[in-house]
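Notes to accompany the following structure.
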Amino acid sequence: MINRSLVGVPASLETRGFSLPFTTSALKFSRLRVAKEGGFEALLPGLSGGKGTYVIPWEDLPEIVSMSLHDRAIFRGINNLREVNAHSIRSVALETKKMGYNGPEEAVEAKNQLEQEYDSALMIHFCLVSEALAAAQSQQRFSPNDLLIDENMQIARKALRGFANSIDLSVNVVMDRFKEWANLLRDVGSHDQSFPGYLINRLARLAGFIAELEEWADDETPDVIVKAQKLQDMGELVGRLAFEEMECLNGYTKKLDQTLSHWEEAQIKIEQHIVKLFGILDGWNLLIKEWEAVSGSVHYIQRDKIFELVKYMPLLPTNLLNEHQLVIMRDIVGPGAGIMALHEQKYTKENERDKNN
Amino acid sequence: MELSREKKEILKAFLSSMGERQQIMLANAMDYARQQKAEDIPYDFILRSLRPSLFKIRPPRNGTAQRIFCNPFEDMLIPNEPNIKDQARISRAVIQPVWNWLKRNGNESFSKRCELYEKLVKSGSKEQQNRAARDLWAEAYNLLKGRVDHAHANHESQRQLIQELGSTRRFEDLLEIIEILSIAGELEELRSKLPVKPITKFKSRDITAVKESYERVAFHLPGQESWLIVAIMRRLLQSADILKVVKLLTPDGDDKIISISDLAKVGNIIISELEHNVQMIRQAGLSNEGDETLLGMVHHYVSSFDMIVTNLNIRREGAWGKRLYETRRQVSDILTGSIVEKAPLRLSKALKQRSVRTGRVKKTVSDLRDDLDDASYREARNAARSMRECLRIAEKIGLVAEVKLIAKKMAEDLENYSEQLLMDIQEVPNEYRERARQHVIMVAHLMEYLIDSDQADLYLRRALLRIDHEA
């Protein structure tokens, strides 16, 4: 029996919480999670320069921290969510930015991102149709780009009749299910990465970040190398788990007929994989953005940044790790790691009143 | 040899659990494998994985005699050779000519000290290495001092030395090297206690260590102690931080006392650097490098200014005080011309209005005929953000009245526009509600900078309620 407990390391993605896209400086690297007693909690690492993470009831957050306009809109958006996870929080963030709450540049960026994802869904749909034609060993073969032409799409539909019949479905139902499937995958990208979505791009950027860090650390002092190695090791673990999740998703495309014929069940599982993938990569976007902001700076600024990033590094929950990965994790979070998430302090209004009295 | 991800993980986990001795043995074996270019052993991966642990076990060594010779003045080295020498900055270009001179003209004793040091690096204890390094520095000091004394006494001798080194500037660098070598032993011991360059946070224990070192040098080598301060100053991110040590050494002194003491050179260097920074700020202001760059440089200036005034007890009418407050005047002029005076116009370009006639009356209304202009919005946002920053540092650069006046006017203009907009969105047709929404969000975003988030949020809620209610 493997001992999965590591002091301070979360047991699951839910107990770790989800990264919050706040812009107020006191709330950088903050997270949201569901409290044991129900309701939400905000996790604020390094509040007022302290060590460890403050745990604050979600509804108290606006009273404790004076939030920017953008963050208030995010706060309200999250309160309106039916389901809270990294995926849904990202949707709130994009909509808020698109409205201009964080300025014109981010509004344009968000609009472009949403348009790109819309186009991505369309191309993924065509990828699935193209895969189905190959699976059906049809004489008519089209690439996804070919299917942009209406006439080709009509021919493809006709060519898929045999395939649809073999799984007791009509072509219309098959096409509808492909559209729903493509919509689910818009944040991921196509199975062959010919149309990479947000998550595939994030994974590629993570790999790039790890490689850059390794090269950068070559010229550094021992204490910096040790810290950079922690980031690399954690990043590699994250990449590995994300890659496995992508493979699971691709598995559904490899067994098209089974996926389509058991679509309701498959749809739920695909969604779960995507939510899990979002969760695995959650928080790394901010870390990489912080690094990119100093990538052209002098080395001492970059060194300080590495130390900061290790402090706020998202920890992989133990329930996702195998025995070898647990050993690596133990090494990463060992004594002297200085990771904020390992130490939590609960904040309540009663505590605050007692302190003031 | 390339490993699969899974195998890498298993191997990494195994390496993490190895003891120190086993790690060293494995590292040596992998070093050998790398030299032999063994194809079937993943030596690169193993060595990379072991690297952090190995650094704890066997720290890196200083290699050669030349390398250790440079250690005491390493923090003062600069890569370029400016035409005019900056005090306490030594060009790297001078190292080789000086070392060559030492090798050519140094006696057998010097060569032996170099050989002994290099031998002890490979197989000696830390203590033996330190002793050998001190002997090397002492020998180098004697040789170079002797040569320079001769040059000072004889014009032809000086000319020859300058020719050997390559320039008069390099000769001036050599004079500083000699000063540093005179205190090399104490300086190196102090450097080993301090963080690596650049020191971003000069903590009290570090300040105390410098003070104690200074006092030891003052006792054993009177007259040389200020060079210790100068050398350590070059290790700091902000040179002015060294004044914390000066304050500790002269708690009751003011700038007049310090300026006539041996610490005068420290004060002069720091104020000259501040004057140089002001020139860079002026260039940034003229070349339109952007508000953020300019304000970043001004922040750095303010921090240095504060440190100087606090730690040197500067009197405004003193020689240093006059120079210092002149720099402040220049910086406030630059900020006024580059940002403050231009801000209201930049803001107004985003607050578009037009005149409409209702009967005989002309009135001004918000101009919502076009979608939000991103470029104007960006300019207005940058202006508002910059003004907020200027307000924060206004007191430090003597610009409070002017900045407050202009910021207040901008806030009033924005408030007036926002109230007008609130009225105008009541009559906006349905198809333009999205546009109205974007405009009110823009106004609220600007309010955040010029007024505060609470007021901005309140305004936004009122405005959005009005838009949605009308819809």
Side-chain angles (χ1 to χ4, degrees), chain A residues 23-24 62 65-73 75-76 96 98-108 111 214 217-218 220-230 232-233 236-237 239-241 243-244 298-301 303-304 321-332 334 336, chain B residues 5-17 48-60 195-201 237 350 372-382 385 434 437-442 444-449 452-457 459-461 464:
Chain A
T23 56
T24 308
V65 180
S66 177
M67 293 159 79
S68 66
L69 213 58
H70 168 271
D71 294 355
R72 291 172 205 228
F75 183 83
R76 284 193 291 269
T96 306
K98 191 184 95 170
M99 289 303 296
Y101 279 96
N102 204 32
E105 294 95 344
E106 296 217 5
V108 168
K111 272 181 215 151
E214 188 171 337
D218 255 344
E220 282 302 320
T221 54
D223 55 337
V224 177
I225 289 173
V226 167
K227 292 287 184 187
Q229 192 73 53
K230 286 185 191 294
Q232 281 170 247
D233 287 346
E236 276 169 4
L237 280 178
R240 162 85 188 210
L241 292 176
F243 182 75
E244 281 171 6
V298 287
H299 262 242
Y300 76 83
I301 293 178
R303 264 181 233 132
D304 281 350
L321 306 173
N322 64 31
E323 59 183 297
H324 307 295
Q325 292 162 344
L326 276 169
V327 173
I328 296 170
M329 185 65 145
R330 208 164 268 130
D331 207 30
I332 294 172
Chain B
R5 276 179 207 247
E6 198 185 332
K7 289 207 168 116
K8 274 184 182 172
E9 255 169 29
I10 296 170
L11 185 49
K12 212 175 177 67
F14 174 69
L15 293 172
S16 306
S17 56
R48 239 186 1 257
S49 301
L50 287 176
R51 193 166 56 164
S53 314
L54 288 179
F55 269 120
K56 288 181 220 161
I57 304 166
R58 29 167 225 215
V196 292
K197 179 180 177 175
I199 300 174
T200 53
K201 294 179 184 89
L237 176 64
L372 208 57
D373 175 12
D374 284 341
S376 308
Y377 180 8
R378 246 194 311 275
E379 266 304 291
R381 190 272 318 272
N382 291 347
R385 191 160 59 188
E434 187 55 34
R437 217 172 260 124
Q438 286 173 356
H439 274 81
V440 301
I441 290 174
M442 175 193 73
H445 194 54
L446 294 171
M447 268 185 177
E448 227 183 338
Y449 292 112
D452 63 53
S453 297
D454 289 336
Q455 196 162 330
D457 191 39
Y459 171 76
L460 186 58
R461 284 173 194 251
L464 290 177

Could you give me the CA-CA distance, side-chain angles and deciding distance for B/V440 and B/Y459, then say whether side-chain contact (heavy atoms from CB on, under 4.5 Å) is met? CA-CA 8 Å; B/V440 301; B/Y459 171 76; 4.2 Å; yes
Of the backbone (N, CA, C, O) and the side chain (C-beta and beyond), which part of A/R72 lies under 4.5 Å from a heavy atom of chain B, both, or neither? side chain
Is there a salt bridge (charged side-chain N to carboxylate O under 4.0 Å, His left out) between A/E244 and A/R240? Walk through the geometry before answering. CA-CA 6 Å; A/E244 281 171 6; A/R240 162 85 188 210; 2.9 Å; yes
Side chain, backbone, both or neither: which part of B/I199 has a heavy atom under 4.5 Å from chain A? neither
Which atoms of B/R461 are under 4.5 Å from chain A, going by heavy atoms: the side chain, the backbone, both sets, or neither? side chain
Under the salt bridge (Lys or Arg N to Asp or Glu O under 4.0 Å) rule, collect the residues that match up with B/E6, sequence neighbours excluded. none
I would like to know whether A/I332 and A/I328 meet side-chain contact (heavy atoms from CB on, under 4.5 Å); could you show each step before the answer? CA-CA 6 Å; A/I332 294 172; A/I328 296 170; 4.1 Å; yes
Most contact-rich option vs chain A, by heavy-atom pairs under 4.5 angstrom, among B/L15, B/T200, B/L11, B/L237, is B/L237
Identify which of B/D374, B/D452, B/D457 forms the greatest number of heavy-atom pairs closer than 4.5 Å to chain A. B/D457
Evaluate the criterion side-chain contact (heavy atoms from CB on, under 4.5 Å) for residue pair B/E448 and A/H70; output intermediate values, then yes/no. CA-CA 10 Å; B/E448 227 183 338; A/H70 168 271; 6.0 Å; no
Check A/K227 with A/D223, please: is the shortest side-chain N to carboxylate O separation under 4.0 Å? no
Turns out that what part of A/D71 lies under 4.5 Å from chain B's heavy atoms comes down to neither
Looking at A/K230, A/Q325, A/E105, A/H299, which has the largest count of heavy-atom pairs under 4.5 Å with chain B? A/E105
Against chain B, label A/M67 side chain, backbone, both or neither, depending on which of its atoms sit under 4.5 Å from a heavy atom there. backbone
At a heavy-atom separation under 4.5 Å, does B/E9 approach chain A through its side chain, its backbone, both, or neither? both
Under the 3.5 angstrom rule, does the side chain of A/K111 hit a backbone N or O of A/K98 as a donor-acceptor pair? no
So, the part of A/V298 with a heavy atom under 4.5 Å from chain B: the answer is neither
Test side-chain contact (heavy atoms from CB on, under 4.5 Å) on B/M442 and B/Q438 and set out the steps. CA-CA 6 Å; B/M442 175 193 73; B/Q438 286 173 356; over 6 Å; no
Considering only heavy atoms, which portion of B/K8 lies under 4.5 Å from any heavy atom of chain A: side chain, backbone, both, or neither? neither
Interface moiety of B/R381 toward chain A, non-hydrogen atoms closer than 4.5 Å: side chain
Who are the salt bridge (Lys or Arg N to Asp or Glu O under 4.0 Å) partners of A/D304, not counting sequence neighbours? none
Between A/A107, A/G100, A/S66, A/G103, who has the most heavy-atom pairs with chain B when the cutoff is under 4.5 Å? A/G103
